Amino acid sequence: MAVQILEIIIFPGFLFLTVFAMIAEYLDRILYARFQNRKGPPWFQPFADFIKLVAKEDIVPECANPFVFKLMPILALASVITASFYIPMWDNKALFSFEGDIIVIVYLLTIPTISFFLGGWYSRSLYATIGAMRNLTQLFAYEVPLFLAILSPAILAHTWSLSEMTVFFNNHLWLLPFNIIGFAVALIALLGKLEKVPFDIPEAETEIVAGSFTEYSGRLLAFFRMAIDIEMVVGASLVAAVFLPFGLGLNPVLGFILYILKVVFVIFLLALLRSVFARLRIEQMMDFCWKYLAPAAFLQIVVCVILKGVLL
Amino acid sequence: MSKLTIPIGPQHPALKEPECFIITVDGERICEANMRLGYNHRGIEKRCEEITYIQSAYLIERVCGICSHSHSTAFIQAVEEIAGLEVPKRGLYIRTLFGELERIHSHLLWLGVAGHEIGFDTLLMYSWRDREIVMDILAMVSGNRVNYGMNSIGGVKRDISPEQADAILKAMDDLEERTKYYIELGLQETTLIKRLSGAGSISYEDATRLGAVGPTARASKVDQDVRRDDPYAAYAELEFNVITDDHNDVYGRTLVRLGELMESYKLVRQLIKNMPDGPIRKKGPRKIPAGEAISRYEAPRGEDVHYVKANGTDKAFRVKVRAPTLANLSAVSKMLEGDYLADVPIVIAAIDPCFSCTDRMAVRNIRGGATEMHNPGSLRNFSIDWYRRRGIDFTDLNKKLMKRLERV
Amino acid sequence: MQRPGKMISEVLKHVGKTPATTNYPFEKAEMPEHFRGKLQFLPHRCKGCMLCTKDCPSEAIKIKKVGDKKFEAEIDLDRCIYCGQCVESCFIQALVMTTDFELAALNREDLKMTINEKNSPKPPAEEE
């Protein structure tokens with residue numbers, strides 16, 4: 001019991017994730033800067049930003065609902081950290097796992113978006129309201145392709161548990177290349193989940209200031225930003241666990257290094273994608289997700305079903 | 001859902017200058033767009049009546065931060081016309097050269113701003129990096145990056161040495177290569193085309209009826225360019241094409257500006273090649289004889305008009321500036337109707353607005369329909385009245401302030 | 001023909017290149033030779049014609065007589081717009097512009113310069 005609590009709080013739980021998320025944010029920013037031929041921030045910038053925000057005053061708008069307004073950042077942070085416990089990172093086994101934990105992970109990763117929506121909606125600001133509505137609209141667009149993309153390897157492995165899925169793919173490594181469409185779909189949908197260009201529509205700064213976060217400041221904003229950073233790490237870990245599950249359970253040290261490399265690779269791809277596109281309009285984003293992304297995810301399922309019928 | 005009214009401005013991250021667009025949206029669609037100007041009136045015209053022509057040239061240069069050379073040339077051309085001064089050929093060529101270099105830096109700046117407005121920050125970083133090439137050239141020749149201070153009554157102040165000419169030619173080669181890449185990007189990148197085409201559409205008829213100028217009009221197939229239609233400086237001796245486009249939207253404006261960049265490189269090369277020898281300036285008089293003149297200039301944003309009336313002293317009797325943005329503004333509310341809310345920043349940015357340049361004094365009384373003119377004093381009284389009628393009284397505060405000032 | 005992600009190759013090419021931005025306050029920036037920076041007054045040349053004061057668009061420079069054919073200039077760097085008109089107006093090159101552009105100060109008084117023969121560098125050997 002004590003060990004488990006230590007695991008949740010320190011390693012690989014809350015503290016490790018926080019630090020890793022900040023390093024991930026730095027990596028994302030420096031890569032983005034290098035792609036744009038800039039110097040980029042120094043390594044301690046995310047830490048400095050966090051400390052600065054935490055030190056600032058929290059301002060709750062007069063018309064806002066203070067309870068929901070203050071609860072949402074913490075809810076977002078809690079749900080992404082909880083999601084990380086079910087993802088096998090460098091071992092075949094996650095911290096907790098049971099049959100059906102894939103659904104729990106996807107569900108827990110949806111909560112941050114919902115909390116952005118509620119936080120924006122209850123801050124009663126014009127820009128935040130529009131941002132909140134866009135948050136929700138966007139959720140319907142990327143969530144289905146993301147879920148389908150993660151679902152298809154599960155069909156192939158015939159299990160609803162992420163840990164067992166990685167075990168299956170470790171035994172059938174040659175099956176991994178068949179999931180490439182799903183990998184691409186999941187990456188693009190992850191961009192939508194993390195609200196990065198071309199899908200940063202809910203917080204498009206030139207249009208609606210900061211979207212749902214317009215009224216947030218101080219500690220609450222710091223929590224939100226931390227939640228997004230951790231969401232990036234957890235999302236990248238999820239993609240790595242589902243689509244790049246090789247080398248797990250060999251050796252803890254080697255596995256750990258491999259895990260870090262995989263997450264960095266996914267972050268590299270995310271930074272690359274967000275540096276080469278312009279922001280889409282919300283209706284163009286819906287169009288794209290339903291016209292191209294969802295059919296591609298379906299195609300992946302079809303491929304998996306056929307594979308399963310023919311080969312296994 | 002019901003209609004929402006969203007104020008974009010006077011402070012908003014999409015706008016770099018204070019102005020207010022009041023936008024009524026139904027969901028994400030715009031039903032109505034209104035605008036309010038006048039947040040940054042600086043009284044430049046009035047001040048020009050109090051200072052000498054030599055000093056006014058510097059003040060007029062600061063009407064706009066980006067097209068500073070345009071405004072100062074337009075003003076100085078008017079003054080020279082009144083004084084009947086013949087500017088030496090070389091002076092005119094250098095003036096034109098600066099006009100074109102300024103157009104290059106302004107259009108590259110616009111490309112970056114447009115990229116930022118549609119969330120394409122990589123385009124912003126790249127085009128602004130390339131803009132540094134021309135900024136360095138401008139700083140090297142004139143001694144400053146933005147307010148060049150090149151114009152003086154009767155010519156220009158600094159000559160161009162052969163080494164500088166070589167550096168300019170080399171820079172043009174680099175920039176041309178980069179611009180070709182941007183044109184390719186504009187023709188191929190899907191997200192860019194998706195975001196730009198269809199936004200801020202305005203037909204040829206509307207563009208002419210609302211008096212749009214510059215690239216905004218030229219993207220709607222309005223074939224007008226002061227450089228060709230009413231040549232000033234050295235333009236009569238140069239060969240160039242006027243770029244027009246029939247997309248009618250923001251995408252068309254992007255293509256027009258990119259095309260104009262290529263024309264500008266051509267012009268700069270011609271200017272350097274054909275630059276005549278001789279003096280760069282003629283000593284201008286301090287006192288300008290009585291008379292009046294209107295001067296037109298094709299600024300990067302469109303036609304810039306200056307009116308100067310002289311009364312025989314060393315100070316202007318009246319100076320009037322019509323910045324290009326003012327001519328394009330009425331087109332903007334037309335463009336915004338029926339667009340998406342997401343397109344507001346890029347549609348506004350697409351006219352390359354310069355609102356602070358535009359703020360001149362003409363207050364329209366909507367109820368009476370009459371136009372009133374104000375000087376700073378009467379404007380102050382007007383504002384005090386305006387606030388008092390709305391229950392805000394600054395009289396006590398003013399008295400306190402005066403007392404404190406007296407004590408100091 | 002449309003190609004999504006057209007910039008990918010361009011962007012990847014720049015990863016290894018030196019960034020275009022610099023670490024400005026730590027790495028000094030160089031200004032071109034004829035940059036119009038901080039004004040410098042050479043008191044030993046001034047003849048006191050006051051043309052600079054008259055032509056200055058922002059009333060940033062004042063010339064005071066401090067002795068027999070000796071003049072002192074008061075320059076307001078926060079009023080100066082660095083246009084170079086005074087240098088242009090001065091027939092005897094008693095005013096020059098330097099390339100010094102780092103002029104930020106914490107209060108306005110620091111930006112007022114008084115330059116006379118005592119606090120200006122000794123004139124180099126001149127023809128007169």
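As the structure is a prediction and not an experimental result, all values here were calculated from the model. Throughout, a chain's letter reflects where its sequence line sits, starting with A, and its residues are numbered from 1.
The neighbour count for L106(C) CG, taken as heavy atoms of other residues, nucleotides or ligands under 6.0 Å away, does not exceed 12. Within 6.0 Å of CD1 on I180(A) lie no more than 12 heavy atoms contributed by other residues, nucleotides or ligands. More than 12 heavy atoms of other residues, nucleotides or ligands lie within 6.0 Å of CZ in F256(A), so this atom counts as buried by the packing criterion. Counted within 6.0 Å of NZ on K39(A), heavy atoms from surrounding residues, nucleotides or ligands total more than 12; the atom is thus considered enclosed. Counting heavy-atom neighbours within 6.0 Å of F20(A) CZ, excluding the residue itself, gives a total above 12. Atom CZ of F265(A) has 12 or fewer neighbouring heavy atoms from other residues, nucleotides or ligands inside a 6.0 Å radius. With a 6.0 Å radius and a threshold of 12 heavy atoms from other residues, nucleotides or ligands, K112(C) has its NZ atom above the threshold.
At a heavy-atom separation below 4.5 angstrom, chain A is approached by T18(C), P19(C), A20(C), T21(C), T22(C), N23(C), E27(C) within residues 18-34 of chain C. Contact annotation for residues 267-279 of chain A against chain C (heavy-atom separation below 4.5 Å, listed by residue number): F268(A), L272(A), S275(A), V276(A), F277(A).
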